[in-house]
Trainee: 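Sharing a structure with you now.
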Amino acid sequence: MNLQRWTGRPPANESETDAEGRAGQLLRRAIVKEPLDASTLAHIHDRLPDEHRPAPRRLVVRFSLAVVLFLSGGGVVMSATLLGRWAPFRRAPATAAPAPVTPAPMRRRAAALAMPATAVVTAPAPLVPPMQPLRRASPPRAVAGAPTPLPEAELAPPAATPAPGPSAIAEEAALVGAALRRLREQRDPAGALALLDEHDGRFSQTGALSDEARTTRVEALLRLGEHGRALALLDQHAPRPSGRGRELLASRGELRADAARCHEALADFDALLEDDTISDGVTERALYGRAACRARLGAGDDARADLEAYVIRFPAGQFVARARAALAR
Amino acid sequence: MIALRADQTPTAGGEAPAPSLDGLYRAHAATVARWAAHLGGPRLDVEDAVHDVFLVVGKRLPEFRGDARITTWLYRITERVVRGGRRRERLRRWLDFVRRADVERSLSPPRLTPVEELERRQSRELVYRVLDRLAEKYRRVLVLFELEELSGEEIAALTGIKLATVWVHLHRARALFLAEMNRDLGEPS
């Protein structure tokens with residue numbers, strides 16, 4: 001049987017009204033030739049022999065355990081109440097500070113592709129002035145050891161600021177999740193920002209998901225074209241050049257380069273390129289971004305070295321044509 | 001290292017050497033990654049999936065008797081792992097967990113991303129939104145035919161279903177895909 005693939009139809013046949021042509025166009029864009037590069041495959045291979053984790057059932061087991069604990073916890077409280085043993089709790093309220101709730105670490109980084117601004121490559125700019133102090137977008141967090149006088153309202157006894165219980169974390173997760181959906185599924189960055197403002201108002205001091213909220217805010221701001229505010233946010237909270245912070249750091253470097261702050265951008269790109277065993281989409285962006293910044297700052301030899309390294313390390317990279325063209329010049 | 005061809009059938013006690021995990025990984029990891037990416041779509045963590053597939057392979061390798069081709073065996077494990085990954089993803093969403101991977105993936109500044117890349121991402125999301133509404137048997141053949149670009153015979157060999165059934169499923173899958181796609185795009189089917 002001979003059935004022509006939609007993805008095999010020549011693009012010239014596609015028109016707005018041709019449903020099969022449109023399906024072919026969509027499906028062609030969904031084809032992934034090489035989802036993982038050689039270094040990622042090697043990394044997985046290295047982890048294979050001594051790692052045996054029962055991943056498929058993990059979430060189900062965790063959820064079941066949570067339900068059992070919740071129910072048994074409820075049983076204990078009910079029994080204690082019925083037996084009249086709840087008095088100690090009433091007499092001596094707990095004063096110990098709750099342990100800080102931190103989000104669970106990511107299992108893996110997720111590689112994403114993006115590119116530095118074209119302007120970075122093509123339009124040399126003067127040196128950047130030193131970074132200006134930035135206005136905070138949300139109420140500042142308390143910093144240990146900082147002798148900032150507190151308003152009276154903040155000197156209230158600990159009981160006045162309730163610790164985040166499980167329900168508070170669930171509420172926070174729901175709010176951040178709603179902001180994410182508003183942003184990504186409904187494509188409504190302004191609506192997402194409103195939800196994130198609500199999140200900051202309610203959980204700014206105790207939020208367990210403040211990192212996720214901040215990350216979502218950065219994306220929403222970028223989608224609104226508020227690059228200055230996005231950069232200010234990234235400037236306030238320096239991302240680490242490891243794990244999930246790499247993507248943030250690459251974005252910050254690109255935004256800084258775009259804002260003619262090449263010296264600071266170089267610091268971000270350098271940090272990302274420090275570990276030369278990593279060779280992913282972020283590394284690619286950082287290497288190309290550093291070349292562009294170095295070229296802009298007049299370090300032609302260093303820029304050329306970066307471009308040559310880029311062409312060798314990423315022969316099928318998204319900037320390879322531009323890198324080759326720059327080297328030819 | 002044992003470099004197996006894609007169609008080689010190793011047997012545990014026969015003349016062909018028993019495959020090692022290392023050899024299988026080197027010969028097939030990239031193919032497994034591509035299968036996983038196509039079957040799972042943009043929400044699947046391909047790195048996790050490949051890792052899980054080869055954990056299963058490592059565990060079950062001693063039981064592999066060579067009744068099926070090695071690629072068929074690997075494909076079926078991949079399909080099960082991807083299906084498990086998709087189930088977990090749905091559960092996570094149902095529980096309203098914050099999907100950190102999504103947050104990370106979304107970090108690329110749109111202004112700095114080429115238009116084609118953005119279009120590609122949106123198309124991919126649309127394709128998998130539509131595919132997710134198809135029954136598993138239809139989704140599978142459509143993915144293998146259109147994205148993996150396999151022939152009907154190859155699909156039959158890989159999935160273990162009859163060739164005639166492959167074509168029936170494919171026709172049905174294409175009709176459903178078009179209908180769902182048009183519904184998504186707000187066009188009459």
Side-chain angles (χ1 to χ4, degrees), chain A residues 1 3 5-7 19-20 22-23 25-27 29-36 40-41 44-45 47-48 51-53 55-56 59-60 63 106-110 112-117 173-174 176-177 180 183-184 209 212 215-216 218-219 222-223 225 227 230 244 247-248 251 254-255 318, chain B residues 21-22 25-26 29-30 33-34 36-38 45-48 50-52 54-55 58-59 81 84 88 91-92 95-114 117 119-120 123-124 126-128 145-147 149 152 167 170 174 177-178 181-182 185 187 189:
Chain A
M1 186 164 183
L3 189 66
R5 281 191 186 84
W6 289 338
T7 48
E20 291 194 359
R22 178 171 281 193
Q25 190 180 40
L26 289 172
L27 286 163
R29 286 179 182 156
I31 292 176
V32 186
K33 293 287 181 200
E34 261 185 51
L36 299 178
T40 310
L41 286 172
I44 299 172
H45 182 256
R47 285 186 293 130
L48 271 180
E51 198 176 341
H52 299 283
R53 60 197 168 85
L59 189 66
V60 177
F63 181 67
M106 272 284 297
R107 279 178 81 198
R108 302 269 195 290
R109 57 158 183 76
L113 289 175
M115 63 180 293
V176 177
L180 254 179
L183 179 65
R184 295 183 57 74
L209 298 171
E212 285 70 19
T215 306
T216 311
V218 168
E219 189 198 349
L222 288 169
R223 284 189 190 275
H227 298 118
R244 53 206 296 268
E247 189 74 36
L248 275 174
S251 295
E254 288 164 357
L255 288 169
Q318 55 186 318
Chain B
L21 177 63
D22 185 55
Y25 187 85
R26 286 174 199 280
R34 210 187 54 242
H38 283 154
D45 187 329
V46 179
E47 193 179 332
D48 268 1
V50 172
H51 185 243
D52 289 347
F54 281 94
L55 278 182
K59 235 181 275 177
V81 166
R88 284 199 302 281
L91 182 60
R92 278 196 193 101
L95 289 172
D96 213 9
F97 272 43
V98 176
R99 303 199 316 274
R100 289 157 196 267
D102 271 2
V103 177
E104 280 197 4
R105 275 184 209 116
S106 66
L107 281 176
S108 309
R111 191 171 62 100
L112 304 178
T113 309
E117 185 57 36
E119 282 177 355
R120 177 172 285 272
S123 300
R124 203 163 139 75
L126 172 64
V127 163
Y128 282 92
F145 186 73
E146 295 288 355
L147 304 185
E149 299 176 346
W167 294 124
L170 190 56
R174 280 158 68 110
F177 185 89
L178 283 186
M181 183 192 77
N182 284 333
L185 296 172
E187 289 176 6
S189 48

Trainee: Might you point out which heavy atoms bring Leu147(B) and Leu27(A) nearest each other, and give the distance in Å?
Mentor: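 Minimum heavy-atom contact is CD2-O, 3.3 Å.
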Trainee: Looking only at heavy atoms and a cut-off of under 4.5 Å, which of Tyr25(B), Phe54(B), Phe177(B) has the most pairs with chain A?
Mentor: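 Most heavy-atom pairs within the cutoff with chain A belong to Tyr25(B).
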Trainee: Mind checking whether His38(B) and Val32(A) have side chains closer than 4.5 Å, heavy atoms only?
Mentor: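 They are in contact (side-chain heavy atoms under 4.5 Å apart), so the answer is yes.
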Trainee: Could you tell me which portion of Leu126(B) (side chain, backbone, both or neither) has an atom closer than 4.5 angstrom to a non-hydrogen atom of chain A?
Mentor: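 The answer is the side chain of Leu126(B).
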Trainee: Might you point out which heavy atoms bring Ala23(A) and Leu178(B) nearest each other, and give the distance in Å?
Mentor: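 Answer, listing the atom of Ala23(A) first, then Leu178(B): CB-CD2, 3.8 Å.
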Trainee: Donor-acceptor pair, Glu146(B) side chain versus Trp6(A) backbone, under 3.5 Å?
Mentor: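 Checked: pair present.
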Trainee: Write down the atom of Arg5(A), the atom of Arg174(B), and the distance for their closest heavy-atom approach.
Mentor: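 Taking every non-hydrogen atom into account, CA-NH1, 4.3 Å.
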Trainee: Is it the case that more than 12 heavy atoms not belonging to Glu149(B) sit under 6.0 Å from its CD atom?
Mentor: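 Yes.
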Trainee: Can you tell me how far CZ of Arg124(B) sits from CG of Leu26(A), rounded to the nearest 0.5 angstrom?
Mentor: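 Answer for the CG-CZ pair, Leu26(A) versus Arg124(B), is 12.5 Å.
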Trainee: Taking atom CG of Leu21(B) and atom NE2 of His45(A), what is their separation to the nearest 0.5 Å?
Mentor: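 Rounded to the nearest 0.5 Å, the CG-NE2 separation comes out at 6.5 Å.
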Trainee: Using 0.5 Å steps for rounding, measure from the CG atom of Leu41(A) to the CZ atom of Arg26(B).
Mentor: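 Leu41(A) atom CG to Arg26(B) atom CZ measures 11.0 Å (nearest 0.5 Å).
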Trainee: Heavy atoms only: give me the nearest Pro35(A)-Ala33(B) pair and the separation to one decimal.
Mentor: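 Nearest heavy atoms, Pro35(A) then Ala33(B): CG-O, 3.3 Å.
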Trainee: Atom CG of Leu36(A) and atom CD of Glu47(B): how far apart are they, to the nearest 0.5 Å?
Mentor: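 Here the rounded value is 6.5 Å.
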